[in-house]
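After the structure tokens below, expect a handful of questions from me.
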Amino acid sequence: MKEKLKQMMLDAETKMLALGSLQEAEEMRVKLLGKKGELTEILRSMKDLAPEERKILGQAANEARNTIETALNEKMEFFRSKQKEMELAKETIDVTEPGVPSELGHKHLLNSVIDEITEIFRSMGFSVAEGPEVETVFNNFDALNADENHPARDMTDTFYITEDVLLRTQTSPVQVRTLKSSKPPIKVISPGRVFRCDTPDATHSPMFHQIEGLVVDEDITMADLKGVLDSVAKQMFGPETRTKFRPHHFPFTEPSAEMDVSCFKCGGKGCNVCKGSGWIEILGCGMVHPAVLKVGGVDTEKYTGFAFGLGAERIAMLKYGVDDIRLMYENDIRFVKQFR
Ligand code: DAH
């Protein structure tokens with residue numbers, strides 16, 4: 001039996017050297033140490049030996065078991081780490097490989113135009129004020145001197161929420177809020193959404209954007225209005241741009257005017273953009289009506305002011321040759337991408 005054990009150990013040593021995989025090592029473990037394994041057989045047959053002999057051989061057999069087990073475990077560990085290495089090699093990341101390009105978004109044309117105009121006014125010392133889109137009838141109409149019978153008050157033009165609350169039809173109510181919440185000198189613009197009960201077509205949308213402006217201080221005159229807006233027009237449409245102020249009517253300004261700019265496409269000769277006239281209407285403006293200043297708590301003996309309002313979509317459409325306002329909101333990527 002001692003011989004058998006010795007032989008088994010020798011065999012095991014040679015086989016161990018020849019092991020080529022984790023699976024072979026596992027098979028060998030079962031063959032030697034498993035329930036029906038060779039060493040188990042030897043241990044089992046020891047029960048017939050004399051106690052003295054059994055003790056010595058038992059010890060030898062247990063030593064053999066430990067030796068084989070340790071050696072096999074080492075082998076298995078080796079195969080496992082080999083396998084891991086191979087897997088890792090397969091998964092290697094090439095950090096020099098060019099990445100999959102992901103498309104970057106960009107500002108919408110309308111936001112670019114609003115930001116550009118805002119930036120021009122900021123550079124001239126204006127700050128930005130904001131007002132709510134859901135506004136009181138009072139701020140949107142009464143405080144702006146629009147009398148009871150003003151056509152814009154009609155249900156067909158205005159989205160009313162209740163009798164006293166509406167979706168603002170213009171950014172002008174921000175004038176009222178600003179006058180009430182701050183003291184002159186005031187120099188603000190207010191870009192934002194406005195709403196009118198219009199059927200959508202190429203030039204109408206029930207929601208669009210305006211940029212409101214308000215300046216109140218001592219000794220503000222029409223000359224300040226013209227100087228500021230002429231400078232803005234030149235920054236917006238180019239230094240050669242000329243401006244022209246035509247008398248107009250707004251309830252909240254007196255006198256009121258509309259400002260035209262010389263056509264930035266033809267320079268004033270007449271073309272399809274200016275419809276042959278050489279001029280393009282850009283905004284409404286005027287000297288703030290004393291009634292509005294009074295509602296805002298401003299001392300009309302001491303202060304005067306001017307205001308203006310322009311449509312952002314209109315400017316964007318004119319400047320970039322967009323012929324349908326609805327394109328601004330449909331977000332067809334083929335349209336949006338043209339204004340990167
Ligand atoms: N709120 C006017 C509109 O929606 C635009 C406007 C005209 C605003 C003249 C003004 C202004 O502040 O002075 O048509």
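Residue numbers run from 1 in the order of the sequence given. Counting convention: from 1, in listed order, for ligands and their atoms alike.
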*Find all atoms of ligand 1 within a distance of less than 4.0 Å from any non-hydrogen atom belonging to Gln175, and give their numbers and elements.*
12 (O)
_Would Val322 and Phe339 count as a side-chain contact (heavy atoms from CB on, under 4.5 Å) here? Give the steps._
CA-CA 11 Å; Val322 179; Phe339 308 99; 4.0 Å; yes
*For ligand 1, which atoms have a heavy atom of Ala307 less than 4.0 angstrom away?*
12 (O), 13 (O)
*Measuring from the heavy atoms of Phe306, does anything fall under 4.0 Å of ligand 1?*
no
*Pull out every atom of ligand 1 sitting under 4.0 Å from any heavy atom of Ser172, numbered as shown with elements.*
1 (N), 8 (C)
*Is any N or O atom of Gln210, backbone or side chain, closer than 3.5 Å to an N or O atom of ligand 1?*
yes
_Heavy-atom donor-acceptor pair, Asn140 side chain to Thr169 backbone, under 3.5 Å_ = yes
*Please write down residue, atom name and distance for the protein heavy atom closest to atom 12 (O) of ligand 1.*
Glu212 OE2, 2.6 Å
_Within the 4.0 Å heavy-atom shell around Gly284, which atoms of ligand 1 are there?_
7 (C), 9 (C), 11 (C)
_Part of Cys285 with heavy atoms under 4.0 Å of ligand 1, whether side chain, backbone, both or neither_ = backbone
*Donor-acceptor under 3.5 Å (Lys187 side chain, Met124 main chain)*: yes
*How does Phe308 reach ligand 1, if at all, at less than 4.0 Å between non-hydrogen atoms: by side chain, backbone, both, or neither?*
backbone
_Residue, atom name and distance, where the atom is the protein heavy atom closest to atom 11 (C) of ligand 1_ = Phe252 CE1, 3.4 Å
*Side chains of Glu212 and Ser190: is there a donor and an acceptor less than 3.5 Å apart?*
no
*Is the backbone of Met207 close enough, under 3.5 Å, to the side chain of Tyr329 for a donor and an acceptor to pair up by distance?*
yes
*Is a donor on one side and an acceptor on the other found under 3.5 Å between the side chain of Thr67 and the backbone of Glu63?*
yes
*Would you mind listing which atoms of ligand 1 come within a distance below 4.0 Å of any non-hydrogen atom of Thr253?*
13 (O)
*Backbone, side chain, both or neither: what part of Arg196 comes under 4.0 angstrom of ligand 1, heavy atoms only?*
side chain
*Which atoms of ligand 1 sit under 4.0 Å from any heavy atom of Gly286?*
13 (O)
*Kindly state whether the ring of Phe141 and the ring of Phe252 have centres lying under 6.0 angstrom apart.*
no
*Could you establish whether His248 and ligand 1 come within less than 4.0 Å of each other, counting only heavy atoms on the residue side?*
no
*Any chance the side chains of His204 and Asp201 put a donor and an acceptor closer than 3.5 Å?*
yes
_Test item: side-chain donor near acceptor, Gln235 and Ser231, under 3.5 Å_ = yes
*Identify the protein heavy atom lying closest to atom 1 (N) of ligand 1, giving its residue, its atom name and the separation to 0.1 Å.*
Gln170 OE1, 2.8 Å
